[in-house]
Amino acid sequence: MIIWQHRSIQFQWSRNRTVKSHFPNGPFSVWCERGSRMATMTHILPMNGGGCSSSNSIGKIFGNPLFHRGVTSGFQPVSVLKAPVKAFRGHVSLERMLSALSHGRQRTQAGHTNRWQLRHPLGSDLLGQAQAERTMRVGLNTSLRTIRTADSPQPCTHDEPPLPRLTLLASTSLPRSPRRCVPGHPSKATPEDLFYLLSRSVVHYNQPDVVLECLGSQWELHCPNLTKSGTLSDLYMSTRQQRARSLQDRAGSGKSGKDKSYSRPGSSNSSRDKQNGKKPAGPLVLQLSVKEATVTKEALSFALRTLYNPEACPEHWGEGVLSTAALLGLPHLFQRCLSEMINKISSSTVCIFHSVSCKFKETSLQRACERWLELYLVTELTCFIYLRDLPFELLHKTLSSPRVFAACEYQLLKTVLYWVFLQFNPAAQILPSHRFIMTFFSSWPRAGVFLEQPVGQRFTVLFRALRLHGITQRAHLEEMQQIHVFPQSWLLLIFSKHYYTLHSGGDMQVTDFSQQAVRFGMVIEREPQYCTQTIGLYGFYFLLKAASMGELDSHGFSLQRLRHWDPAMSVRACQRHPFSMMTERALSYQINVQAHVHGQWQEFNSGPINQEFGLTKRTCKSQVFKVRGLSLPIFVTFALAFPAV
């Protein structure tokens, strides 16, 4: 025991964590409970209305002069605030104050500690939250939750069929048992667990006819389900015939050998064979070798589960499932996987699925990937790092396609620049900003431009597939000059064509409309199904329109020539851009619409149309190109060209 005295207060500290103090006018006893951070006051005897006053005294804490003056502070009895209210009976004002302070608090058991807690949990109570989450994770008691495995079978009840158990020979390896479920530590089920769970529930725990050894695991199969696989059926018949011949040879020679098979003690078949005096026949063992690296345990487990439940779904449809279906000879699963992959084409999967289609020579999946790229190369794939995985040949084929969609020709140029940048920086994890990529090409050595150097000559075919003459905006042309990509001969040809066309009233030297027309595109993605876009080409301005008609599932597409006072014209376009005042101008245009119709991408083309557009209301509008049965999204491309008069 430790005894110390501070002025007029004497304290005693013993091993049982008890603190005793004696005031001049009455005893005051306080003890601290073991393992707790709080102290509880047992009783306070009246002290003739005395009190204490000091900077850190109890009287100042409560705001009430309870103790005599002269008792100075050398300690802070903060635990008095948490003492029970009944300890202060006889002091009305103090009791009311403590009742108000303790209102809303309850002494509850939280976890392994007994702490003061508010009625409502606090966001800063991290310890309490962790303990609450821990109690929620704890499962049933081990006596109530038993895990039955092949290694440690548990006694079965009358309403639960016994789990079959294999007795293996010394030459065979026992399949790994499922991992035990530890309360509070959830674990993911293995592919073997998922297969056994489904197969046993479907066949009502009947003993297997075949044990398939593949990928280091053993899979118990049954003949009615085995026949759905062409590969397994052929393997089963050949192994069965080989086993029958070996048994005949052993019986003829009078020698008995160990049969490489499984026997299940306690089963109905084995007991019947013992009564008849025959040797019990166990499941037939099939060995399937896998040389394809894409065939994984997860894909094999799913493919085998489809033998029992054709409607089962994997976590991911991809090359692994397709390879496994081809290996096991499951044509239904193979076609189902192809259709699922076609429906799940996106920015992250289009490059992978296209390589898989080339590997298996599946033209349907290949066409679907190429069709997706024609529509979403600029609008989606260019915005993600997956653009890096796009093959060179596939990019060139997409750029050369007449169905490729882009808001303008400059967007296609930007896509090619982004792709080339990613080829030189394969370690990039995110797509840099446009300014960073332009700085990369602008900082190319001054000795020569990019396409004239050996490292850039192989990309020339990509830039030649672009319609660079369709880039007419001043900012875009200046950017083409700043980046050291194009030779001077290319830039001189582009600028000279623009100069000639602008000063000749818009006349373009058009020899092939499908390759020389300037394209503008827009997308209708949501309601209301109405979209307009104002474009300018060599001093002539047009309003492109796409809207749903009054009829059901009918859309109309048209263009209209704008005058310089039309509200659709911006002030900047009127002030800073050239404007032609020709009363009539011949224009060749074509409207191309691409949308989903009955689940398939279809294209509707108006074909090249020649028309003279004037400034009057009667001559400034084109014919309306109507299409029925379209569903969102709708991709519309207007191709324009001014033939020479």
Exercise. Where do Glu292 and Ser323 land on the side-chain hydrogen bond (donor to acceptor under 3.5 Å, both in side chains) test, with the steps shown first?
Worked result: CA-CA 8 Å; Glu292 186 66 35; Ser323 302; 4.8 Å; no
Exercise. side-chain hydrogen bond (donor to acceptor under 3.5 Å, both in side chains) between Glu612 and Thr619: does it pass, once the steps are laid out?
Worked result: CA-CA 8 Å; Glu612 287 191 359; Thr619 60; over 6 Å; no
Problem set entry | Worked verdict on Arg367 versus Glu370 for salt bridge (charged side-chain N to carboxylate O under 4.0 Å, His left out) | CA-CA 5 Å; Arg367 285 197 303 266; Glu370 295 175 355; over 6 Å; no
For this session: Evaluate the side-chain hydrogen bond (donor to acceptor under 3.5 Å, both in side chains) criterion for residues Lys414 and Thr382: first the C-alpha distance (whole Å), next the side-chain angles of each, then the deciding distance (0.1 Å), finally the verdict.
Result: CA-CA 9 Å; Lys414 188 170 67 172; Thr382 307; over 6 Å; no
For this session: Decide side-chain hydrogen bond (donor to acceptor under 3.5 Å, both in side chains) for Ser301 and Arg305; before the verdict, give the C-alpha distance in whole Å, the side-chain angles of both, and the deciding distance to 0.1 Å.
Result: CA-CA 6 Å; Ser301 174; Arg305 292 200 305 269; 2.8 Å; yes
For this session: Kindly determine whether Leu381 and Tyr376 satisfy side-chain contact (heavy atoms from CB on, under 4.5 Å), including the steps that lead there.
Result: CA-CA 6 Å; Leu381 188 59; Tyr376 294 100; 5.9 Å; no
For this session: Might you work through the side-chain contact (heavy atoms from CB on, under 4.5 Å) test for Gln482 and Met438, ending with a clear yes or no?
Result: CA-CA 9 Å; Gln482 293 174 1; Met438 295 300 106; over 6 Å; no
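Checked by atom type and distance alone, the side chain of Ser233 never pairs as donor or acceptor with a backbone atom of Lys228 at under 3.5 Å. Without hydrogens or angle criteria, Arg467 side chain to Gln515 main chain gives a donor-acceptor distance under 3.5 Å. Gln453 places a side-chain N or O within donor-acceptor distance of the main-chain N or O of Gly448, the cut-off being under 3.5 Å. Although no hydrogens or angles enter the test, the distance criterion places a donor-acceptor pair under 3.5 Å between the side chain of Arg388 and the main chain of Ala428. Remark: the backbone N or O of Leu328 is paired with a side-chain donor or acceptor of Ser229 at under 3.5 angstrom. Remark: side-chain polar atoms of Glu409 are paired, donor with acceptor, to backbone N or O of Arg519 under 3.5 angstrom. When atom types are taken as modelled, the side chain of Ser400 and the backbone of Ala465 share no donor-acceptor pair closer than 3.5 angstrom. The closest donor-acceptor contact from the side chain of Thr637 to the backbone of Phe405 lies at 3.5 Å or more, if one exists at all. A donor-acceptor pair under 3.5 Å is absent between the side-chain atoms of Ser357 and the main chain of Leu365, judged by distance alone.
Trp601 and His596 have tilted rings, their planes meeting at an angle from 30° to 60° on a 0 to 90° scale. In this pair, His555 and Phe557 present their aromatic rings parallel. The plane angle is below 30°, not in the 30 to 60° band. Ring planes of His476 and Tyr410: parallel class, angle under 30° (limits at 30 and 60°). Note on ring orientation: taking the six-membered ring where Trp is involved, the planes of Tyr538 and His498 are tilted (angle from 30° to 60°).
For the residue pair Lys297/Ser217, the side-chain donor-acceptor check at 3.5 Å is satisfied. A side-chain donor from one of Gln594 and Arg371 sits under 3.5 Å from a side-chain acceptor of the other.
In this structure, Phe540 has its ring center at least 6.0 angstrom away from the ring center of Phe613. Checked against a 6.0 Å centroid threshold, the rings of Tyr589 and Phe625 do not count as neighbours. Aromatic pair Tyr418/Phe440: centroids not less than 6.0 angstrom apart.
The shortest non-hydrogen separation linking Ala312 to Phe302 is O-CE1, 3.2 Å. Closest heavy-atom contact between Pro432 and Ile437: O-CD1, 4.1 Å. Heavy atoms only, all atoms of each residue included: Trp219 and Cys214 are closest at NE1-O, 3.3 Å. Listed here is the closest heavy atom pair of Ala595 and Ile634: CB-CG1, 4.1 Å. Of all the heavy atoms in Leu431 and Ile385, the pair that sits closest is N-CD1, 4.0 Å.
Leu212 contributes atom CG, which lies 9.5 Å from atom CD of Gln287 (distance to the nearest 0.5 angstrom). Rounded to the nearest 0.5 angstrom, Asn225 CG and Leu304 CG are separated by 10.5 Å. For the atom pair Ile609 CD1 and Gln611 CD, the distance stands at 8.0 Å (nearest 0.5 Å). To the nearest 0.5 angstrom, Gln560 atom CD is 10.0 Å from Thr534 atom OG1. Put simply, CG on Leu232 and CG on Leu330 are 7.5 Å apart, with the number rounded to the nearest 0.5 Å. Annotation: the span from Leu377 atom CG to Thr398 atom OG1 amounts to 6.0 Å, rounded to 0.5 Å.
With a 6.0 Å radius and a threshold of 12 heavy atoms from other residues, nucleotides or ligands, His316 has its NE2 atom at or below the threshold. Other residues, nucleotides and ligands contribute more than 12 heavy atoms inside 6.0 Å of the CZ atom of Phe392. Around the CD atom of Gln623, the shell of radius 6.0 Å holds no more than 12 heavy atoms that belong to other residues, nucleotides or ligands. More than 12 heavy atoms of other residues, nucleotides or ligands sit less than 6.0 Å from atom CZ of Phe424. Crowding of Glu478 atom CD: a count of heavy atoms from other residues, nucleotides or ligands under 6.0 Å exceeding 12. Remark: Lys397 NZ is loosely packed, at most 12 non-hydrogen atoms of other residues, nucleotides or ligands lying under 6.0 Å away. The environment of Lys621 atom NZ is sparse: at most 12 non-hydrogen atoms of other residues, nucleotides or ligands sit within 6.0 angstrom. Within a 6.0 Å radius of OH in Tyr386, other residues, nucleotides and ligands contribute 12 heavy atoms or fewer.
Sequence neighbours left out, the pairs with a member in residues 314-327 that pass salt bridge (Lys or Arg N to Asp or Glu O under 4.0 Å) are Lys188-Glu315, Glu319-Lys359.
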